[in-house]
Amino acid sequence: MKNFLKRWSTLTKKEQYIVMGIALVIISTIGILTYAFSSIGDNKEESKSELQEDKEITSSDSALEPSEEKITNASPLTGLQCDNYKQRPIAVMMAGDAVARPLSGLSQAEIVVEMPVITGSVTRLMGVYVCNLPDEVGSIRSARHDYISLVRGWDAIYVHWGGSSFALDELKTGKRYTGEDLGKIPDIDAISSSGPFFRKSTVPAPHNGFASLSKVIDLAKKREYALESNLEGYKFQSKKTIENETKDAKKAKLYVGFGGVFATSWEYNKDDNTYTRYWAGQKDVDRGNKDSEIKAKNIVVMRASSRQIEGQYNEVTIYGEGEGKVYHNGQEKNITWKKTGFKDTLRFYGNDEEEILLVPGQTFIQVIEPGQNLKWELN
């Protein structure tokens, strides 16, 4: 420092001003360069932060659009949670005759199937139960072999009161009347069983047979039937999908063209997103559940041929594939139904060939013949 001051004192005033000017230029340049490089670093950090924020937003949006609702501990047939969701389904044959109405236990079924048991005429129903096991289900009627094919696909225990010769032979031997050996399924026939079944004096015979499904389970245990199932059920819509589909929904009615007293209609209710069932113009209720209205979340109407195979017995072609419609969220959609083999689960596909996502809740399946009417009417 002493040397610097000694040397500085020997300079003229003009030389000192020149040195000071050069020093100021150098200091200014260093400052500008430091600020520039610092800003570049800041911009990199800002860009990195913005990219991270964009990434988080994209991830969040994707999570709001699931292709299906992933629900644990839920029935494979309704998508609704319950304690006994692994319970093996119980399929119960029921009457469709006007004199047997109203039926008991229908409102608590996961799935209800209605098909003709005489071509172009009488229909019967089958309720399939997992979560709910009502103490009064009926009236219970006889088995039919084309229903057995559905029972196989849902891995269910089949409950019935007698049956056609075709059905009873298949239940006894495991073979269809056409010769295919499909193996036996677990069934409980009221004619040869005691405990679960009872008759009601207020209902005319032969429609007065009923069953307690909790007692059906007890009898199934004694017979050492498997009571748990790993059935791969159906796929269900997310809440967001349901909200999107129902936002523009309107009141509507569906008319399903079974003949005479078997004619069915449905009324769509936007408030609770359900379809109320009418049977021959009368609101359908559940005799065994405080006269609860029969309301479904999904109506599936399938077209399939029916033919008489012996006397009063018919066969519905409930295997292979065919056309149909699904009604849910106030909408009508075209579907293709498929049941490739007698043991396969009945499934429904859209125009994109993807499996239809159902609304969680009861599904009511009605199988009509190719020439029967079907009408969807918006109000």
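Checked by atom type and distance alone, the side chain of Gln372 never pairs as donor or acceptor with a backbone atom of Val256 at under 3.5 Å. For Arg141 (side chain) and Leu125 (main-chain N/O), no donor-acceptor pair under 3.5 Å exists by modelled atom type. Side chain of Lys297 to backbone of Gln362: no donor-acceptor contact under 3.5 angstrom is found. In this structure, the side chain of Asp189 engages the main chain of Gly162 through a donor-acceptor pair within 3.5 Å. When atom types are taken as modelled, the side chain of Asn132 and the backbone of Gln108 share a donor-acceptor pair closer than 3.5 angstrom. For Asp344 (side chain) and Gly153 (main-chain N/O), no donor-acceptor pair under 3.5 Å exists by modelled atom type. Of the possible polar contacts, one joining the Tyr129 side chain to the Gly105 backbone as a donor-acceptor pair under 3.5 Å is found. Of the possible polar contacts, none joining the Lys200 side chain to the His207 backbone as a donor-acceptor pair under 3.5 Å is found.
With Tyr234 as the aromatic partner, Arg347 meets the cation-pi criteria of under 6.0 angstrom to the ring centre and within 45 degrees of the ring axis. For the pair Arg88 and Tyr225, the cation does not sit on the ring face, since its NZ or CZ is not both under 6.0 Å from the ring centre and inside 45° of the axis.
Within the 4.5 Å cutoff, no side-chain heavy atoms of Thr363 are placed close to those of Leu77. Residues Val92 and Met126 fail the side-chain proximity criterion, which asks for heavy atoms closer than 4.5 Å. Counting heavy atoms from C-beta on, the side chains of Val113 and Phe364 never come closer than 4.5 Å. For the pair Lys251 and Tyr268, the minimum side-chain heavy-atom distance is 4.5 Å or more. The shortest distance between side-chain heavy atoms of Ser75 and Gln87 does not fall below 4.5 Å. Residues Leu171 and Ile148 form a side-chain contact, since some pair of their non-hydrogen atoms from C-beta on lies under 4.5 Å apart. The closest side-chain heavy-atom distance from Ser229 to Pro89 is below 4.5 Å. A heavy-atom distance below 4.5 Å is not found between the side chains of Phe197 and Lys215.
Residue-environment remark: NZ (Lys253) stays at or below the threshold of 12 foreign heavy atoms within 6.0 Å. Atom CD of Glu377 has more than 12 neighbouring heavy atoms from other residues, nucleotides or ligands inside a 6.0 Å radius. Counting heavy atoms of neighbouring residues, nucleotides and ligands inside a 6.0 Å radius, atom CD of Gln282 does not exceed 12 of them. Around CG of Asn379, the count of heavy atoms belonging to other residues, nucleotides or ligands within 6.0 Å exceeds 12. The local environment of CG in Asp83 is sparse, with at most 12 non-hydrogen atoms from other residues, nucleotides or ligands closer than 6.0 Å.
Looking only at atom types and distance, the side chain of Asp286 has no donor-acceptor partner in the side chain of Ser292 under 3.5 Å away. If you check the side chains of Gln366 and Trp266, you find a donor sitting under 3.5 Å from an acceptor. A donor and an acceptor atom, one from each side chain of Arg223 and Ser193, are located under 3.5 Å apart. Between Glu267 and Thr276, the side chains place no donor N or O within less than 3.5 Å of an acceptor N or O (distance only, hydrogens not considered). Using modelled atom types, one finds a donor on one side chain and an acceptor on the other under 3.5 Å when comparing Ser149 with Lys339. A donor-acceptor contact under 3.5 angstrom links the side chains of Arg144 and Ser142, judged on distance only. Ser104 and Glu136 form a side-chain donor-acceptor contact under 3.5 Å, judged by distance and modelled atom types alone. For the residue pair Thr246 and Asn273, no side-chain donor N or O sits within less than 3.5 Å of a side-chain acceptor on the partner. Under 3.5 Å, the side chains of Asn329 and Gln237 contain a donor-acceptor pair of N or O atoms.
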Subject >> Verdict with reasoning, Glu245 to Lys333, per side-chain contact (heavy atoms from CB on, under 4.5 Å) >> reply: CA-CA 12 Å; Glu245 288 197 354; Lys333 300 175 183 176; 3.0 Å; yes
**OP:** Check the pair Asp135 / Ser214 against side-chain hydrogen bond (donor to acceptor under 3.5 Å, both in side chains), numbers first and verdict last.
**Re:** CA-CA 7 Å; Asp135 284 329; Ser214 59; 3.0 Å; yes
**OP:** Determine, stepwise, if the pair Glu180 / Thr178 fulfils side-chain hydrogen bond (donor to acceptor under 3.5 Å, both in side chains).
**Re:** CA-CA 6 Å; Glu180 298 96 332; Thr178 50; 2.2 Å; yes
Subject >> Check against side-chain contact (heavy atoms from CB on, under 4.5 Å), Asp146 and Met115 >> reply: CA-CA 9 Å; Asp146 37 16; Met115 295 197 300; 4.2 Å; yes
Original post:
Does the pair Leu182 and Arg176 meet the rule for a side-chain contact (heavy atoms from CB on, under 4.5 Å), with working shown?
Top reply: CA-CA 7 Å; Leu182 304 173; Arg176 288 190 83 241; 3.5 Å; yes
Subject >> side-chain contact (heavy atoms from CB on, under 4.5 Å) between His328 and Ile299, worked out >> reply: CA-CA 7 Å; His328 56 204; Ile299 314 292; over 6 Å; no
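A centroid separation of 6.0 Å or more is found between the aromatic rings of Trp279 and Phe262. Between Trp337 and Tyr349, the ring center distance fails the sub-6.0 Å criterion. Taking the six-membered ring for Trp and the full ring otherwise, the centers of His160 and Tyr158 sit less than 6.0 Å from each other. Between Trp376 and Tyr327, the ring centre distance stays below 6.0 Å.
Salt-bridge annotation for Lys295 and Asp272: present, with a side-chain N of the basic residue lying under 4.0 Å from a carboxylate O of the acidic one. For Arg277 and Glu114, the salt-bridge test passes: some basic side-chain N is under 4.0 Å from an acidic carboxylate O. A salt bridge links Arg307 with Glu315: at least one charged nitrogen is closer than 4.0 Å to a carboxylate oxygen. Under a 4.0 Å N-O distance rule, the pair Arg303/Glu369 does not qualify as a salt bridge.
The two atoms that bring Ile356 and Ile335 nearest to each other are CG1-CG2, 3.8 Å, heavy atoms only. Across all non-hydrogen atoms, the minimal contact from Arg152 to Gly174 is NH2-O, 3.8 Å. Between Lys184 and Thr173, the closest heavy-atom pair is CG-C, 4.1 Å. Here the closest heavy-atom approach between residue Ala252 and residue Leu378 is recorded as CB-CD2, 3.7 Å. When all heavy atoms of Ala95 and Leu103 are compared, the pair lying nearest together is O-CD1, 3.3 Å. Contact detail for Val216 and Pro196: the closest heavy-atom pair is CG2-CB, 3.6 Å.
Interatomic distance, OG1 of Thr336 versus CD of Glu355, reported as 12.5 Å (0.5 Å rounding). Going from atom CG of Leu219 over to atom OG of Ser194 covers 7.5 Å, rounded to the nearest 0.5 Å.
Using a 4.5 Å cut-off between side-chain heavy atoms of Ile, Leu, Val, Met, Phe, Trp and Tyr, with links allowed through other members, Val359 and Phe348 fall into different hydrophobic clusters. If you chain together hydrophobic residues whose side chains sit under 4.5 Å apart, Ile185 and Ile188 fall into the same group. Placement of Ile191 and Val203 in two distinct hydrophobic clusters is found when ILVMFWY residues are connected by side-chain heavy-atom separations under 4.5 Å, directly or transitively. Following chains of ILVMFWY side-chain contacts shorter than 4.5 Å, one cannot reach Ile157 starting from Phe210, and the two form parts of different hydrophobic clusters. Note on Val300: it clusters hydrophobically with Leu231, by side-chain heavy-atom contacts below 4.5 Å among ILVMFWY residues.
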